[in-house]
2 protein chains.
Amino acid sequence: MADINSLLVASPDGAAAVPAETAEDTALVDLIELFFFAYRDFVADPDQILAPIGFGRAHHRVVHFVNRHPGMRVTDLLDILRITKQSLGRVLRELVDEGFVESRAGASDRRQRLLYPTPKGEALAREFVAIQSRRIARALAASGSESGTNARRFLLAMINPENRANVERLIARADEIQRTGRR
Amino acid sequence: MADINSLLVASPDGAAAVPAETAEDTALVDLIELFFFAYRDFVADPDQILAPIGFGRAHHRVVHFVNRHPGMRVTDLLDILRITKQSLGRVLRELVDEGFVESRAGASDRRQRLLYPTPKGEALAREFVAIQSRRIARALAASGSESGTNARRFLLAMINPENRANVERLIARADEIQRTGRR
DNA sequence: GAATTTATGTCAGCCATGTTGACTTTTTCG
DNA sequence: CGAAAAAGTCAACATGGCTGACATAAATTC
């Protein structure tokens, strides 16, 4: 813990001692900004697809995750997106009305509404994945042989420790569904 | 270009041929989602600081960049944030009114309004950098010796090619200002 | 079997932050 | 001088967050 904290700029509480910036501080601030710029361009990609069909970024996120996890519960989606039921409800209703997502009662627990992409929803999700994958593939190609593994490790480590296991499980399950073609 | 495209899922136009998912596709989709989750937690950090003072994420972004580039023009900030003058104007007015940012006419070109952090603004910016740097330092420590360099390369490559040089110049200039203590 | 809890949905209203369009002022530059 | 640039402002609107209150159906618990 001490070695980590030594990398950081002084807390503003300790107003007396504001140390000179170290090279390590500089590298960290650079990464803060690069992360911002990279994400800014990354999420702008789907906008081209969204604009013509009158949807926004909230629709993108829902379509993407429902497609990756066919049959997921509303609760699961809420936990992923970290928004309220009401916010999700609005977007979800539009997607169901326009035939991108279908909601069926759960077989074992019939209170649940399980979310599935329609063929139309799947096609849209594929467009999103295609355009964002293209950017990532370009970035990996431009940054060395181990860059895929490195990026994965770094991004995972950026996630809150208490969420990390969940995210890993979620992604592994989605990959498995895709691999086996299970529905 | 061909080798990059071979990594990608089929475009939904070519509806006839939907190939089986490859391991490369899977890795790319995983990174799409890891990027989402990492950014979700990354931008949630400053919220703790923002909530008590009644500011939002838009205020965070402005305070951060004004602090990193003391004396920047309004136009420069608009180009970084990619929002409209009107959206920025609202947030900027609040920050000026509450004494976090100062706006002075440019010396050589007096049409310009150059933006400076006040001491109060600098202190706030330091809090933001501290909390976000802590997360990044933790992530780097957890993901190997070269992870800083790797993350930097990857994030830079994720930025639109036409923006990349600008971002590099911007960051280099900010680091220089911080290093030399120039104001 | 009744009471409670859970999963979901919905109404109403508010807030933050993005947008477009039109227009003004000041200053610089050709 | 006239055009262009930098900035600011007013008005109206859209998106996507939020809280609070409440309803329904199904599962679970006592």
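Keep in mind it's a predicted model, so treat the numbers as computed, not measured. Just so it is clear, the values below take in all heavy atoms, side chains as well, and ignore hydrogens, waters and symmetry mates. Note on naming: letters A, B, ... go to the chains in the order of the sequence lines (proteins, then strands), and numbering restarts at 1 for each one.
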B/Arg111 has an atom CZ; how far is it from atom P of C/dT27, in whole Å?
10 Å
Using whole Å, what does the distance between atom P of nucleotide D/dA26 and atom CZ of A/Arg73 come to?
17 Å
Phosphate contact (D/dA7 OP1 or OP2) by B/Arg104 side-chain N/O below 4.0 Å:
no
Could you tell me whether B/Gly89 contacts a base, only the sugar-phosphate backbone, or nothing, with contacts defined as non-hydrogen atoms closer than 4.0 Å?
nothing
What about A/Gln86: does its side chain form a donor-acceptor pair under 3.5 Å with the base of D/dG16?
no
Nearest nucleotide by nearest heavy atom, which residue falls closer to the 5' end of DNA chain D, B/Asp76 or A/Ser108?
B/Asp76
Is there a side-chain contact between B/His59 and the phosphate of C/dT17, meaning an N or O under 4.0 Å from OP1 or OP2?
yes
The side chain of B/Arg110 lies closest to which of these nucleotides: D/dA27, C/dT28, C/dG9?
C/dT28
Among C/dT27, D/dG16, C/dG18, which nucleotide sits nearest the side chain of B/Ala58?
C/dG18
B/Arg90 CZ to C/dC15 C1', straight-line distance once rounded to whole Å:
11 Å
Taking the nucleotide of DNA chain D with the closest heavy atom to each, which residue, B/Met72 or A/Gly54, is nearer the 5' end?
B/Met72
Separation of atom CG in A/Leu95 from atom C1' in D/dT15, rounded to whole Å
14 Å
d(CG, B/Leu114; C1', C/dT27) in whole Å
14 Å
Hey, can you tell me if A/Phe65 and A/His69 have their rings parallel, tilted or perpendicular (30° and 60° cut-offs)?
parallel
A/Arg113 atom CZ is separated from D/dA23 atom P, nearest whole Å, by 19 Å
Report yes if a side-chain nitrogen or oxygen of A/Ser87 is closer than 4.0 Å to either non-bridging phosphate oxygen (OP1 or OP2) of D/dC18; otherwise report no.
yes
On the ring face of A/Tyr116, is A/Arg104 found with NZ or CZ under 6.0 Å from the centre and within 45° of the axis?
yes
Roughly how many Å is it from CG in A/Leu78 to P in C/dA7, rounded to a whole number?
11 Å
Answer with yes or no after comparing the ring centroid distance for B/Phe35 and A/Phe35 against a 6.0 Å cut-off, counting only values under it.
yes
Report yes if the distance between the aromatic ring centroids of A/Phe100 and A/Phe55 is under 6.0 Å, otherwise no.
yes
Reckon A/Thr84 has a side-chain N or O less than 4.0 Å from the OP1 or OP2 of D/dC18?
yes
May I ask you to say whether B/Arg179 pairs ionically with B/Glu176, meaning some side-chain N is under 4.0 Å from a carboxylate O?
yes
Using atom CG of B/Leu92 as one end and atom C1' of C/dG18 as the other, report the distance to the nearest whole Å.
16 Å
